[in-house]
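These notes are about the structure you will find just below.
Only this structure's heavy atoms are used, side chains among them; waters, hydrogens and symmetry mates stay out. None of the values given here were measured: they were computed from a predicted structure.
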Amino acid sequence: MTVVKTSLRNFVAHKGRMALSAIAVLLSVAFVCGTLVFTDTMSTTFDKLFAATSSDVTVSGKGASDSGETTSDNGKPPVMPASVLGEVRKVQGVKSAEGTVFSTSVTVVDADKDSLSPSSGAPTIVGSWNGNDARTMKITSGVAPKGPDQIMVDADTADKHDLKLGDEIGVISAVGTHEAKISGIADFTVTNPGAAIFYLDTRTAQQTLVGETGVYTDVNVTAASGVSDDQLKKNVKTALGGDVQVKTAKETADANQKDVEGFMNVMKYAMLGFAGIAFLVGIFLIINTFSMLVAQRTREIGLMRAIGSSRKQVNRSVLAEALLLGLVGSVLGVGAGVGLAVGLMKLMGQMGMELSTDDLTVAWTTPVVGLVLGVVVTVLAAYLPARRAGKISPMAALRDAGAPADAKSSWIRGVIGTVLTGAGGFGLYLAAAADKAKEGSLWLGLGVVLSLIGFVVIGPLLAGGVVRVLGAVLLRMFGPVGRMAERNALRNPRRTGATGAALMIGLALVACLSVVGSSMVASATDQLDKTVGTDFILQSDSGQLITPQAVEAAKSAKDVERVTEYKWSKADFTTPDGKTLKDTAITAADPSYATDLRTETVAGKLTDAYKPDSMSVHEKFAKDHGISLGSKIKVAFKDGRTADLTVRAITSSDVVIDAGAMYTSISTMAKYVPADKMPLDSLLFATAEEGRQDAAYTSLKSALHDYPQYTVRDQTDYKQALKDQIGQLLNMIYGLLALAIIVAILGVVNTLALSVVERTREIGLMRAIGLSRRQLRRMIRMESVVIALFGALLGLGLGMGWGATAQQLLALEGLGVLEIPWPTIIGVFIGSAFVGLFAALIPAFRAGRMNVLNAIATE
C-alpha cells in the first residue's frame, strides 16, 4: 500500500513532466482505436448496404463473377435469355421474380461531357429500375424513368454535380452513347458509400447496355412465406440446371463484402503498422522520461532505500507510475480514437466516400485493445529505468545528486550495438547480392530490423562523434553559447542517443521510401524511353475498355500515321510438355505493335509472332514448359475455338512494360473467336506523321472529345502521370509517418524540459555570472537543433542504405535505375533543424523565466 501511495504522490507531483509522455501514449492509442473504429464502421456500412440490396435469391448469367461484376471482355455484361424469368416464376416456393439489367462498365457524362463518376474510385452503375431497388431507394423528386428519353439519378450524385430535373446526361457503354433527360431523383434509405447510380426503364437499359432486348443480367427472386432462401435456391437450381449462377441473399452479400474486404484490410493493417511505428518512437520518449525522473530523484530514492525500502519496492514504485501513465494516456486515447474515426469519416466524405455516423461501430474489443496495448507498452518501456532505480545504492544516492555512470554497461552496449549493426549490414549486402527478389526480400527485412536495432543500441556511442562534428560546423560560430550547447548535448550521450533515435526511425522510413519511389519513377521512365516507340497512348484511367466507336474516332484523327489496337483476353494453354494451364493471359495486337513496343527477344523476331496462327511466349514460360521456336501450343480461346499456334518468338522476361505478355495477332484471334465475342481494346497506341506530333496530339484530343472516359497522353504526359501516382502514394505514407515524427518531436521537447529542470541550479549560476536570458534561450535552442540533426543524420543515412538495397531487388524485376532524391533528403535535413528550434521554444522560454536566486538555492 505504501508503494501505491508513493507512486500516486510522485505521479501527481511530476504530472507536468509526465504530460508529454501521456500525449505520446494518447496519440498512439488513438491511432490504433481510430483505425479499428473506422474500418469496423466501413464494414458495418457495407454489410447493411449489401444485406438491404440483395434479394432472397439472385439468378445471374454464367459468365458473371461471384461478386456480381458485370464487365466482360467485350465490354457488355454477361446476360441470359429472358425466358429464364418465366422458368423461375414457375418454380415451387417463388413468390415473385423480376428480371433486371445493369452494368458497371459505363461512363455517364453531363451536357458538357464532364464525367459524373465518383472521384473516390467507387463504381458507376447504370441499370433498370426495379422492385428490389425500390426497397432501398425512395423517389424524392420527379418520377421513375419511362421510355428511352428518361433517366433517374441518385440524390448524392445529383447534389455533388448540381443536377436537376430536365438536365440532359449521356450514358456511354460498349454499345454506344445514349442520351436522356433526368426524370427523377431518388435518395438512399441506407448509407451509400459513394457509388453513382443511374436508372433507365428495362427495355432502354437492355438496348443501352447490351444492344439487344429479351435478355437480363439478373433475376431477383422473392421467396414465398415459409420457404427458406437455401430451399428456394435448391428449387431454382434444380429447375434451371447449370447454365446459370444461383445465390442466396447471404451468399450475394458475402461475395460483395469479400470484394471490399481486401481494400479495407490493406487500409486497416497499413494504418496499424504506422501506429506501431508511433508506439516504437513513443517507447524512447517514455524511457527517456523515466530515466531522467529517476536521475533527478536519486537522493529521494536513496533516502527510501536508507529507511528500509527494498529494491523491489523501488522498482514497483516506478512501474506503478508507468502503469498510471499508461492508464491515463490509454483511456484518453480510446476517446480520441473515436473522435479520430469520425474525423476520418468526414475526410472520406470530402473525397466522395459517404459514411454515416449512424453506422459508427465501436466493438468491445477496440477499447480493450487500446487499453492493453497502451498500458503494456508504457510499463515495458519503463522497466529499464525502474530496474536502474532499484540498483541505486543508498550511500551513493546520498553522496551524489545523480546516478553514477556505468562504464561496464556502456562497453557492453558498444559491443552489442556493433555486432547488431554489422549483422544488419551483412543482411543488406546479401539482399543486394540475391539472384531472386523473393529470397532477397527476406534478407532485406532482416537487414532493416537488425540495422535499426543496432543503430538504436549504438546511438549513445555515435552521439559523441556526430555531435562534435555538428558542433564544429554549426555551433562554434555562436561562441561560448554554442560551445555550452554542444557540451550539454554531449553531457549525457545515452539521453541524446535515445532522443535522436526516436526521430531517426521516422526519417529513416521517409528516406527509404523516397529513394524507392524516385528509383521506380526513374526506372520506368528509362524503360519508356528505351522500349516505347509510339507517340501517344490512349486508355481509360478507370479501366474501362475502349469502344469500337472510340477506336474509329482515333483512327479518323488528322496527322496520325497509324493507330495500333491492343486487346487482352484469357485462354487455356496446352503446352508441349502435356500440361494444361487454365485462364492464361494472351495479348492480341496489330503487327505494328512490334514497332510501338521494342520488346527484346531471346529467340526469333517479334514481328513473326503476328503471322497467321503464330504467337510468342516469354523466356521463363518457355523454360518451364520446354518450348522452343517452332513448338506448337494448343490455345482454347475464351468464348471461341481451339487453335494450334506456332511459337515464332521468345521474348525476354527481363522487362518492365508488358512483363510476361504472350502475343498473337488480332487477325489470328478473330479467326477463332466470334465477332460478337471479340474482346474490346484495352489500349490504343497512336503514331504521328513525321514532324506532326503537336498537330496529331491536338487532333486526337479533339477526335475523342465525346469520349471523356479515355485519356490521350504523349510520353511526357505518361511519365508525369506515373510520377504523380507514386507521389500521391508517398504523400499518403508520409502523412501517416507524420504521427511518429510528432511523437519524436514530443520526445525532444520532453528531454529538453526535463533537462532544464535537472540543470536548474547550473542555469541559476550561469545567469548569476552574466549569461543573459537571450543567450540562455539560444543555448537551449542550439542544443535542441544539434539533437534533431543528429537523429536526422542517422535516420537519413540509414534510410538511404535501405532504399538503395531495396532498389537492387527492384532491379531483378527490371527497375534498374537507382536515383537518390537529393532535394527531398536535403529538405528533410534542413526541416529537422527547424523541428529542433520548434521543440525548444517552450523549454527555452521556461528556462529564461527562472528566478536566479531560487534557481541557485535549488538542490
All heavy atoms of F31 vs all of M271, minimum pair found to be CE2-O, 3.2 Å
One should read off an interatomic distance between I780 CD1 and R778 CZ, to the nearest 0.5 angstrom, of 13.0 Å
Inset, instruction - Take L794 and L503, measure what side chain to side chain contact (heavy atoms under 4.5 Å, CB included) needs, and give me the verdict at the end. - result: CA-CA 9 Å; L794 294 189; L503 195 58; over 6 Å; no
Task: V379/Y383 under side chain to side chain contact (heavy atoms under 4.5 Å, CB included): CA gap, chis, key distance, verdict - done: CA-CA 6 Å; V379 171; Y383 174 74; over 6 Å; no
Here the salt bridge (Lys or Arg N to Asp or Glu O under 4.0 Å) pairs for residues 465-477, sequence neighbours left out, are R476-E486
Inset, instruction - Verify, without hydrogens or angle tests, whether S451 (side chain) and V448 (backbone) share a donor-acceptor contact under 3.5 angstrom. - result: yes
Smallest heavy-atom separation, Q775 atom then V481 atom, equals O-CG1, 3.6 Å
Contacts of V749 meeting side-chain contact (heavy atoms from CB on, under 4.5 Å) (sequence neighbours excluded), chain-then-number -> L20, I745, A839, P843
Check: Counting N and O atoms only, with roles assigned by atom type, does the side chain of S519 sit under 3.5 Å from a partner on the main chain of E819, one being a donor and the other an acceptor?
Finding: yes
So side-chain hydrogen bond (donor to acceptor under 3.5 Å, both in side chains) across residues 779-801, not counting sequence neighbours, yields R759-E783
Rounding to 0.5 Å, atoms OG1 (T39) and OH (Y269) come to a distance of 8.5 Å
Hey, does V786 have a side-chain heavy atom less than 4.5 Å from the side chain of L475?
yes
Check: R777 side chain, G848 main-chain N or O, donor-acceptor pair, under 3.5 Å: no
Here the gap from D724 atom CG to N731 atom CG, rounded to the nearest 0.5 Å, amounts to 10.0 Å
dist L450:CG -> F455:CZ (nearest 0.5 Å) comes out at 12.5 Å
Output, in order, the C-alpha distance, side-chain angles, deciding distance and verdict of side chain to side chain contact (heavy atoms under 4.5 Å, CB included) for L737 and L513.
CA-CA 11 Å; L737 279 174; L513 293 169; 4.3 Å; yes
Does the T366 side chain pair with the main chain of V362, one donor and one acceptor, at a distance under 3.5 Å? no
The reported gap from CD1 in I820 to CD in Q807 (rounded to nearest 0.5 angstrom) is 8.5 Å
Inspect the surroundings of CG in L729 and state if more than 12 heavy atoms from other residues, nucleotides or ligands are less than 6.0 Å away.
-> yes
What one should report as the nearest heavy-atom pair of G374 and S330 is CA-OG, 3.2 Å
Is there a side-chain contact between T378 and L323 in this structure, where contact means two heavy atoms from C-beta onward sitting under 4.5 Å apart? no
When you measure from the side chain of S514 to the backbone of P821, do you find a donor-acceptor pair of N or O atoms at a distance under 3.5 Å? no
Could you tell me if the side chain of T496 sits less than 4.5 Å from the side chain of R491, heavy atoms only? no
| query | Would you say V25 and L285 make side-chain contact, with heavy atoms under 4.5 Å? | reply | no
_V516 vs W802 side-chain heavy atoms within contact, under 4.5 Å_ = no
Would a 4.5 Å heavy-atom cut-off, applied to side chains only, mark L36 and V32 as touching? yes
Shortest non-hydrogen pair, F790 vs L470, comes out as N-CD1, 3.8 Å
Residues S832 and L507: closest non-hydrogen pair is OG-CD1, 3.5 Å
Item to complete: For the pair I286 and L380, evaluate side chain to side chain contact (heavy atoms under 4.5 Å, CB included) and give the outcome as yes or no after the intermediate values.
Response: CA-CA 10 Å; I286 294 165; L380 287 177; over 6 Å; no
Checklist entry - Can you find a pair of side-chain heavy atoms, one from M345 and one from M42, that are under 4.5 Å apart? => result no
Answer yes or no: is there a side-chain heavy-atom contact under 4.5 Å between F38 and M267?
-> yes
When every non-hydrogen atom of L789 is compared with those of A833, the smallest separation belongs to CD2-N, 3.8 Å
CG (N488) and CZ (R483) are apart, to the nearest 0.5 Å, by 13.0 Å
- Heavy-atom neighbours of F829 CZ exceed 12 at 6.0 Å: yes
